[in-house]
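Worksheet: the structure to be examined is printed underneath.
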Amino acid sequence: KPKYYCLSMFPYPSGRLHMGHVRNYTIGDVLSRFHKMKGYNVMQPMGWDAFGLPAENAAIKNNTAPAKWTYENIEHMKTQLKQLGLGVDWAREIATCTPEYYKWEQWLFTELFKKGLIYKKTATVNWDPVDGTVLANEQVIDGRGWRSGALVEKRDIPQYFMKITAYAEELLNDLDKLDGWPEQVKTMQRNWIGKSYGCEVEFPIVGQNGNLKVYTTRPDTLMGATYVAVAAEHALATLAAQSNPELADFIAECKRGSVAEADVATAEKKGMATGLFVTHPLSGEQLPVWVANYVLMAYGEGAVMAVPAHDERDSEFAFQKSLRSIKVIKPATETNLEEQLADLENSPQDPELIEKSPLIDSLRRDLDATRAQHCTTEKGTLINSGKYDGFNFQEAFDVIAADLEAKGLGQKRTQYRLRDWGISRQRYWGCPIPIIHCAKCGEVPVPANQLPVVLPEDVVMDGVGSPIKKDPSFYETTCPSCGGKATRETDTLDTFFESSWYFARYASFDSNNAMVDKRANYWLPVDQYVGGIEHAILHLLYARFFNKLMRDVGLIKNDEPFTNLLTQGMVLKDGSKMSKSKGNTVDPQALIDQYGADTARLFMMFAAPPDQSLEWADSGVEGASRFLKRLWKAAYEHVSLGEIKAYASSNPGRGELTSELKNLRLQLHQTIEKVGDDYGRRHSFNTAISSVMELMNALAKIEATDVTTRSVRQEVLQNVALLLSPIVPHICQALYMELCPASHILHASWPEANKDAMVQDTIEYVIQVNGKLRGNLTISREASKEAIEKMTLEQVYVTKFLLEGTSVRKIIVVPNKLVNVVIA
RNA sequence: GCCGGGAUGGCGGAAUUGGUAGACGCACGGGACUCAAAAUCCCGCGUUGGCAACAACGUGGGGGUUCGAUUCCCCCUCCCGGCACCA
């Protein structure tokens, strides 16, 4: 029996289920149940991503402890999930805030620390100077702390980092193996990792020893560099500010506001000259050094060479500061237009005619527009670049890199946009970082036999800082190395740490002596992962990273954690994501209370395809409920006439089928095929449902109650119960019991379409004249192309277009579909 | 700002590989049943013109490729998601 590990992203226990959960877990349950019917050994587990910021906020607000709040939420949400009728194996339930779970990530942390894959460095955080706390990006609103209202500052503090960049290449390359992932998610991850081929360029600093190093992906534009810009945090900025109070003020100003890249990138461009100059490595020219807020310290070298003619941001900044711009690239488009124009002008035709042609006009206009651009990032041929003139991008890249290298002022370099992952959080409700700080021995990882480092749960949240940072009974300890007095690390881990390996823990949920054991190698990788598109980059990248880390410490064998990925769209309300913070949630409990789980599930699956966002509207639920009532009624009316065997062509004593019944059986078996394909391949649950609705509408039109009709009706109803059972399991189980009292739906397998029932003798052709629909034609399946053309040309709705002076130019016959007569 | 995605009737959506645009459902209108209402059942339902047959237009906007474009290409607008400390 092949295995099928179907995993839905586990919920954060926020209090109550929201519509996104209902959507997510119904999709997972439908796929699980479908695969069980297809004969797979299915695992569908569930757990709780239980650490996180909201628990701390709720604890402060409700004067309780985050642990108590979290465990109560888990209890309530578990009840709700059970109401949904999910086929979840609750024996495997895990909660990430339990020591049994986080013990193992602490263990992995110490292993990785010893391997050098976790290290410490300073990093910038949002600092609330009034509350004296670090703020999450979410807690910074318009540059101010959400509670204090104080202007937020950037502050550097020491933090632990994971060397995800050491795996950048593998994380990038292995995306190519993920055929079961949506292309858009792979593209986003590729761009996030951001491998680029570029060049280091060093600019000697005038009047000082040392060079300013920058990284560029466009060394071909080097001769167009007119200034260099450094980030406010750059060492050169700090140096210049020592003797320049105005600059120091400016740098301080740049340090206001949040660290979020979206805020930095959308901020108004600001800058100030440092008064320092650097020497252009090739031309020897002196270029001014600016401090600019649009240069990110975290990417590349925290400094850029600025080429206003060929970079949008440099262009905007240069315009604002009236800095020079030198065009050094003639874009390919411009060359192309020039060539087209020259061809036209030099053609042997009458020059006057050419002058009048609209083509020449539009070419000239396009060329003027291209030449008039202040800035273009398009690649092309080098100009105004001295000895490099005439080179194309790649030639210029190679030659300039070689020249720089010869001078010792640069070289080619491959660069990733991906940065190492900062995992320290200055918060309480998270997994304690298992490090002990010893004055003598430095940072000592907690030995395995002293794990877990248990987070005290009975705490009082006062709103300012983490309780364990003020609790000597937590942080006072002895050094495992020298036995002297030492202190524990009081930062906790990023909650993405927990969610990066839970998929493996489900397979060995009760293991006391290993993070994951052998059982993981049976279940992994996850066959189908289902979750929100908002996790397309961070969570999914971190989970892929952890999978590789666990592989490299010998815990598991697979390279990638998730073979197939279904990213469900958001459930929106009033045009934006349903979230507690926006206060636009719709409580699914009311839906379940009023209509029951089956209707709720049916409606969620019917309302939109799973990968698209779903704008919530209350209307429509009624339609799902009505359909189930009709189905119920049809089945009971049928059953009330007595038991009957489903139609089979071999059944003795059954009359010849009428064309009506033949068509119904044709539709039934087409539907069986389509629904199976919709569930298994297309994940298109909405169209699966609508095709079953169509089948039921067709069945309703048949009123006869003779034995043959009843046997076909039995065949239809029996199969409909099977087809819908992954979506509406409760009702289908009850109906199946009535329809087939001798068997049970839980043991039923997925139906197979009967090929004989699907044979069609004639085909409905669509007849078009010049691409427009003019009629339909029923043609025998065996008709030749010539016969089809002949019949088509005999139709009145075709001949009436054959006016005087026109003729049939072409007839296009698409087999089994359509005929298009081209008349001109 | 950068990366990814989306836009189709009054609404949610369908059209699977370039081949009948609007399946299925909601809402709405009309009718049947009923003392009445609800429920249920039947009929209609893109826009414009027309009694109708039918015709023209129509998939965010503008261009292009094609016998044929919701689908492919180029440009633009708006909306959604992500941007490394929300999860």
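All chains are named by letter (A, B, ...) in the order of the sequence lines, taking the proteins before the strands, and each is independently numbered beginning at 1.
- A:Phe606 comes within 4.0 angstrom of a nucleotide base, judged by non-hydrogen atoms across all strands.
- Side-chain N/O atoms of A:Gln415 and A:Tyr299 include no donor and acceptor closer than 3.5 Å.
- The pairing partner recorded for B:C83 is B:G1, the criterion being a Watson-Crick or G-U wobble arrangement whose two distances lie under 3.5 angstrom.
- As judged by a 4.0 angstrom heavy-atom cut-off over every strand, A:Asp49 is placed among residues touching the sugar-phosphate backbone only.
- Nucleotide B:G9 carries a syn base; the chi torsion (O4'-C1'-N9-C4 or O4'-C1'-N1-C2) is within 90° of 0.
- Nucleic acid contact for A:Val134: base, since at least one base atom lies under 4.0 Å from a heavy atom of the residue.
- Base pairing of B:A23: no nucleotide in any strand meets the Watson-Crick or G-U wobble criterion (both distances under 3.5 Å).
- The side chain of A:Lys800 places an N or O atom within less than 4.0 Å of a non-bridging phosphate oxygen (OP1 or OP2) of B:A55.
- At B:C3, none of the side-chain N or O atoms of A:Arg417 fall inside 4.0 Å of OP1 or OP2 (strictly under the cut-off).
- In the set B:G81, B:C85, B:A84, the nucleotide with an atom closest to the side chain of A:Glu261 is B:A84.
- Closest contact between the side chain of A:Arg419 and the listed nucleotides B:C57, B:G4, B:A84 involves B:A84.
- The side chain of A:Asn191 contributes an N or O atom lying less than 4.0 Å from OP1 or OP2 of B:G4.
- The listed nucleotides are B:U20, B:C85, B:A56; the one nearest the side chain of A:Lys772 is B:A56.
- Looking at heavy-atom distances under 4.0 Å, A:Leu53 makes contact with sugar-phosphate atoms alone, never a base.
- Between A:Lys163 and A:Asp420 there is no salt bridge, since no side-chain N of the basic residue sits under 4.0 Å from a carboxylate O of the acidic one.
- Put simply, the residue from A:Tyr542, A:Phe161, A:Tyr160 that forms a ring pair (Phe, Tyr, Trp, His ring centres under 6.0 Å) with A:Trp421 is A:Tyr542.
- If you take CH2 of A:Trp616 and C1' of B:C26, they are 13 Å apart, rounded to a whole angstrom.
- Going from atom CD1 of A:Ile689 over to atom P of B:G12 covers 18 Å, rounded to whole Å.
- A:Thr687 and A:Ser684 share a donor-acceptor pair across their side chains, judged by distance under 3.5 Å alone.
- A salt bridge links A:Lys186 to A:Glu183: one of the charged nitrogens lies within less than 4.0 Å of a carboxylate oxygen.
- Between B:U16, B:C85, B:A21, one nucleotide has an atom nearer to the side chain of A:Arg682 than all others, and that is B:U16.
- With A:Met9 as reference, A:Asn24 is the one residue of A:Asn24, A:Val530, A:Thr567 to meet the side-chain contact (heavy atoms from CB on, under 4.5 Å) rule.
- Among the heavy atoms of the strands lying under 4.0 Å from A:Gln159 is at least one base atom, whether or not backbone atoms are also near.
- For A:Ile537, the listed nucleotide lying nearest its side chain is B:G82; candidates were B:G82, B:C85, B:A56.
- For A:Arg626 and B:A27, the shortest distance from a side-chain N or O to OP1 or OP2 is below 4.0 Å.
- When heavy atoms are screened at a 4.0 angstrom cut-off, A:Arg313 is found touching no nucleic acid atom at all.
- Using a 4.0 Å heavy-atom distance criterion, A:Leu418 is classed as a base contact.
- Within the nucleic acid shown, A:His535 comes within 4.0 Å of at least one base atom, counting heavy atoms only.
- A:Pro11 comes within contact range of no nucleotide atom at all, as no heavy-atom separation falls under 4.0 Å.
- A 3.5 Å limit on both hydrogen-bonding distances identifies no Watson-Crick or G-U partner for B:A38.
- Between A:Lys810 atom NZ and B:C67 atom P the separation is 5 Å, expressed in whole Å.
- If you measure from atom CG of A:Asn820 to atom P of B:U66, you get 15 Å, rounded to the nearest angstrom.
- A sub-4.0 Å separation between OP1 or OP2 of B:A27 and a side-chain N or O of A:Ser619 is absent.
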